[in-house]
Amino acid sequence: MTTIADRLANAQHRITQAAKFSSRNADEIQLLAVSKTKPITDIIAAYAAGQRLFGENYVQEGESKVNELKSICPEIQWHFIGPLQSNKTKVVAGLFDWMHTLCRDKIAVRLNDQRPDALKPLNICIQVNISGEASKSGIVPSELMVLANTIDTLPKLTLRGLMAIPTATDDKRKQKDEFQQLQSLFLKLKAIYPDLDTLSMGMSNDLEQAVEHGSTMVRIGSAIFGEREKGLNA
Ligand SMILES: *Cc1c(COP(=O)(O)O)cnc(C)c1O
């Protein structure tokens, strides 16, 4: 039987191999464990195996997990990676360390206003919709610079980089093309904001391609915690 610890080690190994293949240093690539829909016991198991970065997609579920694990797993760094409505920003501003899916001015301003003074600034990735499909969340590349500038002026937010969910496809060329576009967009933004250090892309099925195109943070769920139940929250 494989355990969560085994699967975590396997994910780390995949990162190391992918880094080697691209002549990159594996230390530049962080592993974010995506624990959405999974029980707290799974998070504790991953934490016991040394994992510290966890990602959650749903405000209510995230809120209860962060609160329940505060004293048991005090070193967890929490990343919010789901869509966020403006009436729920307060939870993310109050409990999370990172927010990966920012794509609107209005949300940025609310998160900044609601970030408690006692906490460090909230780390931000702007989500980019590289395929341009209207059904997808994320900002279109042409509007990226304006939003980046807004975030840069807000004192309780720290812009760290970009996040994307490329089209799920078996078409390797299309996939490569999207990863390449994201990488070049990130480099363009970094030329203006040299402190940017995060390109959040790559999931269980495409982490190798993401690392090949400069990802610095892969978000891995099912490869660590197993398949999720299909349905509303999957
Ligand atoms: C669920 C999710 C992941 C993890 O996906 P897997 O395919 O299970 O690795 C990564 N990023 C985001 C934004 C997600 O919603």
Side-chain angles (χ1 to χ4, degrees), residues 2 4-15 17-18 29-40 42-43 45-46 49 51-63 65-66 76-85 88 91-92 96-104 107 122-131 133 135-139 160-170 172 175 178-179 182 186 198-234:
T2 49
I4 284 175
D6 294 335
R7 292 195 295 253
L8 253 180
N10 184 56
Q12 282 291 1
H13 182 70
R14 284 175 64 191
I15 293 171
Q17 291 302 109
I29 303 144
Q30 290 190 290
L31 171 57
L32 177 62
V34 177
S35 43
K36 64 177 175 220
T37 78
K38 297 296 177 179
I40 282 210
D42 283 5
I43 299 178
Q51 180 64 30
R52 291 295 179 268
L53 277 55
F54 289 86
E56 287 287 338
N57 286 60
Y58 309 101
V59 172
Q60 232 176 346
E61 180 187 344
E63 181 178 28
K65 283 174 169 172
V66 174
I76 290 185
Q77 188 184 81
W78 288 104
H79 294 241
F80 189 81
I81 62 169
L84 183 62
Q85 292 170 343
K88 301 211 173 130
V91 175
V92 173
F96 282 79
D97 302 293
W98 283 70
M99 154 75 177
H100 287 231
T101 49
L102 198 68
C103 45
R104 285 161 60 201
I107 303 279
L122 183 62
N123 295 293
I124 300 288
C125 291
I126 298 174
Q127 184 177 2
V128 181
N129 176 359
I130 207 75
S131 70
E133 286 169 57
S135 61
K136 286 199 157 184
S137 26
I139 194 165
R160 299 294 294 265
L162 298 182
M163 177 273 203
I165 309 173
T167 313
T169 172
D170 292 329
K172 291 281 169 208
Q175 192 182 43
E178 290 193 16
F179 279 128
L182 285 161
F186 175 65
T198 304
L199 182 51
S200 164
M201 63 184 192
M203 316 205 297
S204 293
N205 289 330
D206 59 11
L207 89 80
E208 282 79 7
Q209 290 84 346
V211 167
E212 194 181 332
H213 294 99
S215 170
T216 68
M217 197 181 287
V218 292
R219 308 179 307 265
I220 308 297
S222 48
I224 296 171
F225 298 110
E227 293 298 325
R228 290 175 293 275
E229 301 267 326
K230 295 273 183 286
L232 197 64
N233 272 6

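In each ligand, atom 1 is the first atom listed, and ligand 1 is the first ligand listed. When reading the values below, keep in mind they use all heavy atoms of this one structure, side chains included, and skip hydrogens, waters and symmetry mates. Treat the numbers as computed from the prediction; the structure is a model and nothing was measured.
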Could you check whether the rings of His79 and Trp98 sit parallel, tilted or perpendicular, using 30° and 60° as the cut-offs?
parallel
Hey, is His79 touching ligand 1 through its side chain, its backbone, both or neither, going by heavy atoms under 4.0 Å?
neither
Those atoms of ligand 1 less than 4.0 Å from some heavy atom in Arg219
4 (C), 9 (O), 10 (C), 11 (N), 12 (C), 13 (C)
Tell me whether Met163 reaches ligand 1 (any heavy atom closer than 4.0 angstrom to a ligand atom).
yes
Among Pro83, Gly221, Gly82, which one puts a heavy atom closest to atom 4 (C) of ligand 1?
Gly221
Can you tell me how the ring of Phe96 sits relative to the ring of Phe80, calling it parallel under 30°, perpendicular over 60° and tilted otherwise?
perpendicular
Pairs of nitrogen or oxygen atoms closer than 3.5 Å, one from Asn205 and one from ligand 1: do any exist?
no
Candidate list Arg219, Met201, Lys136, test side chain to side chain contact (heavy atoms under 4.5 Å, CB included), partner Ile165, passing option:
Arg219
Number the atoms of ligand 1 from 1 as they appear, then name those within less than 4.0 Å of a heavy atom of Ile165, with their elements.
13 (C)
Please name the residue in the list His100, Gln30, Gln127, Arg160 that meets the side chain to side chain donor-acceptor pair (under 3.5 Å) test with Ser200.
His100
In terms of side-chain heavy atoms, does Glu56 have a donor or acceptor partner in Ser35 at a distance below 3.5 Å?
yes
Counting each atom of ligand 1 from 1 as listed, which ones have a heavy atom of Ile81 under 4.0 Å away?
11 (N), 12 (C), 13 (C), 14 (C)
I'd like to check which ligand 1 atoms, numbered from 1 as shown, lie under 4.0 Å from a non-hydrogen atom of Asn57.
14 (C), 15 (O)
Mind checking whether Lys36 contacts ligand 1 via backbone (N, CA, C, O), side chain (CB onward), both or neither, at a 4.0 Å heavy-atom cut-off?
side chain
Has the side chain of Thr101 got a donor or acceptor atom that lies under 3.5 Å from a matching backbone atom of Gly82?
yes
Mind listing the closest non-hydrogen atom pair of Leu182 and Leu199 along with its distance?
O-CD1, 4.4 Å
Taking 4.0 angstrom as the limit and counting only heavy atoms of Ile220, give me the atoms of ligand 1 inside it, by number and element.
9 (O)
